[in-house]
There are 2 protein chains.
Amino acid sequence: MSTDSPPIEETPLRADAARNRERILEAADEVFSERGADASLDDIARRAKVGIGTLYRRFPTRDALLAALCDERMFALAANSRTRDDTMEPGASLRTFMVELATHASHYQGLAVVLGAVLQSQTAGCHAGAAEGMRLLDRAKRENAVAMDVSFDDLLCVITATSLAAGQGGPKSRITHLIDMFFNGIKRG
Amino acid sequence: MSTDSPPIEETPLRADAARNRERILEAADEVFSERGADASLDDIARRAKVGIGTLYRRFPTRDALLAALCDERMFALAANSRTRDDTMEPGASLRTFMVELATHASHYQGLAVVLGAVLQSQTAGCHAGAAEGMRLLDRAKRENAVAMDVSFDDLLCVITATSLAAGQGGPKSRITHLIDMFFNGIKRG
DNA sequence: TAATAAGTGGAGAATTGCTCCACTTACTAT
DNA sequence: ATAGTAAGTGGAGCAATTCTCCACTTATTA
């Protein structure tokens, strides 16, 4: 719930600080990829050749760092979805979005657990991603493609579960399988 | 996958050791309830008035301690299910079991994340619980109450997500809502 | 009532998170 | 150019935590 303060003003970084910020993000991507989303922040600072204090100054929490890393990708995700949506059934469109988001959320081991927190951080990309998800859900409900009592949180919950399962070593097809089950239900007869 | 070595032989504990084991379990239940499943093990040892070495000797890992705590409850869960199952449709029976398991898994904050690991530990109760779940799923498939391509891991995944969502402060009704969605599917039209 | 196997506790090493502040450096106004 | 200053930096250091190791203690048994 609750996302209506879109653009957060930021005083522009000094040139050296911007450079360091980029270095930290690169190092963080490497280290998180190798060791998972709960890797040591000291490792990241060391690999970026930056003091640990600098890392904390720029990213006060681990979630802030993860959110910054997700930002670009989430932007792309939302953009893809918007173009795709023109030529797709609302249900299928929502389903595709969920698969993509779940795939993203299993990019680092352990990212899924904090996905909710990351999505609520007010970076532009995360904001765009969440907004797009809500838009798709609304449209699907309006056109009677999904049940009315489904909330965005419910979707997020399923996405988290899916990423969690995929992250624990299962094959990639597991993601679509789980999300399909969620769309179609497992009950028969 | 993989559970066919049921009864693990244990050489009986010395009287004082058994007493300490019980003290540790009581303290662990208190501390985990207050501070979540990732609380400090030192705190637990201190509350149990036992050295930290004693705790580690009895429970080599955090998961082992959690598994021991889950043991009794899982036993009860499996027993309840078995008696209930006589008078219930297979689909409804499975659904009820999942709601109960998810409720249990949100008993401590953060327990859900390690539920899979805990269930695979070979304590008698966890073994009984997992076995019962598999039995229910098999029967439901055999009587054509749920789809054939649903695995026990899939159920566990949904249960984990559900507990995760419930544990993060949502109301208890969330559990049944999520599991119902999973049974019925969200697609309409 | 020895003998001994089982059990105990806690010091301490290793790791990590995070803060604080004395120093350094890029920007800008003149 | 350059002086003034706000922004930025790095890493020492404290606190919390996990986990091991082993000299000591105690229940059990023959």
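All chains are named by letter (A, B, ...) in the order of the sequence lines, taking the proteins before the strands, and each is independently numbered beginning at 1. Because only heavy atoms are used, hydrogens play no part in the values below, and waters and symmetry mates are left out as well, while side chains stay in.
- Each of C:dG17, D:dT9, C:dG7 was ranked by its minimum atom distance to the side chain of A:N20; first place goes to D:dT9.
- Within the nucleic acid shown, A:S40 comes within 4.0 Å of sugar-phosphate atoms alone, with no base atom in reach, counting heavy atoms only.
- Contact check on B:R135 versus B:E132 returns a salt bridge, with a Lys/Arg side-chain nitrogen under 4.0 Å from an Asp/Glu carboxylate oxygen.
- Counting to the nearest Å, the C1' atom of C:dT19 and the CG atom of A:D42 are 13 Å from each other.
- Two residues, B:D38 and A:V50, neighbour DNA chain D, and the one matched to the more 5' nucleotide by heavy-atom proximity is A:V50.
- The shortest distance between the side-chain N/O atoms of B:R58 and the OP1/OP2 oxygens of C:dT8 is below 4.0 Å.
- Checked for salt-bridge contact, A:R95 and A:E89 miss the test: no charged N lies under 4.0 Å from a carboxylate O.
- A salt bridge links A:R47 with A:E34; the closest basic N to acidic carboxylate O contact falls under 4.0 Å.
- Among the protein residues, A:L41 comes within range of the sugar-phosphate backbone only, with heavy atoms under 4.0 Å from sugar or phosphate atoms but none that close to a base.
- Expressed to the nearest 0.5 Å, how far CE of A:M74 lies from CD of A:E100 amounts to 10.5 Å.
- Taking CD1 of B:I24 as the start and CD1 of B:I44 as the end, the distance is 9.0 Å to the nearest 0.5 Å.
- Taking CZ of A:R82 as the start and CG of A:L136 as the end, the distance is 9.5 Å to the nearest 0.5 Å.
- Atoms CZ (B:R23) and C1' (C:dT8) sit 12 Å apart, rounded to a whole Å.
- Here A:T54 reaches the OP1 or OP2 of D:dG10: one of its side-chain N or O atoms lies under 4.0 Å away.
- Taking the side chain of A:R57 as heavy atoms from C-beta on, and the options D:dT9, C:dT8, C:dG10, the nearest nucleotide is D:dT9.
- Put simply, CD1 on B:I24 is 7 Å from P on C:dT8, counting in whole angstrom units.
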- Note on the structure: Heavy-atom contacts, protein to nucleotides 24-30 of chain D, under 4.0 Å, summarised as B (base), S (sugar-phosphate only) or - (none) per nt, yield --BSS--
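- Between B:Y56 atom OH and D:dC19 atom C1' the separation is 5 Å, expressed in whole Å.
- When all heavy atoms are compared, the tightest approach of A:V150 to A:L137 is O-CD2, 3.8 Å.
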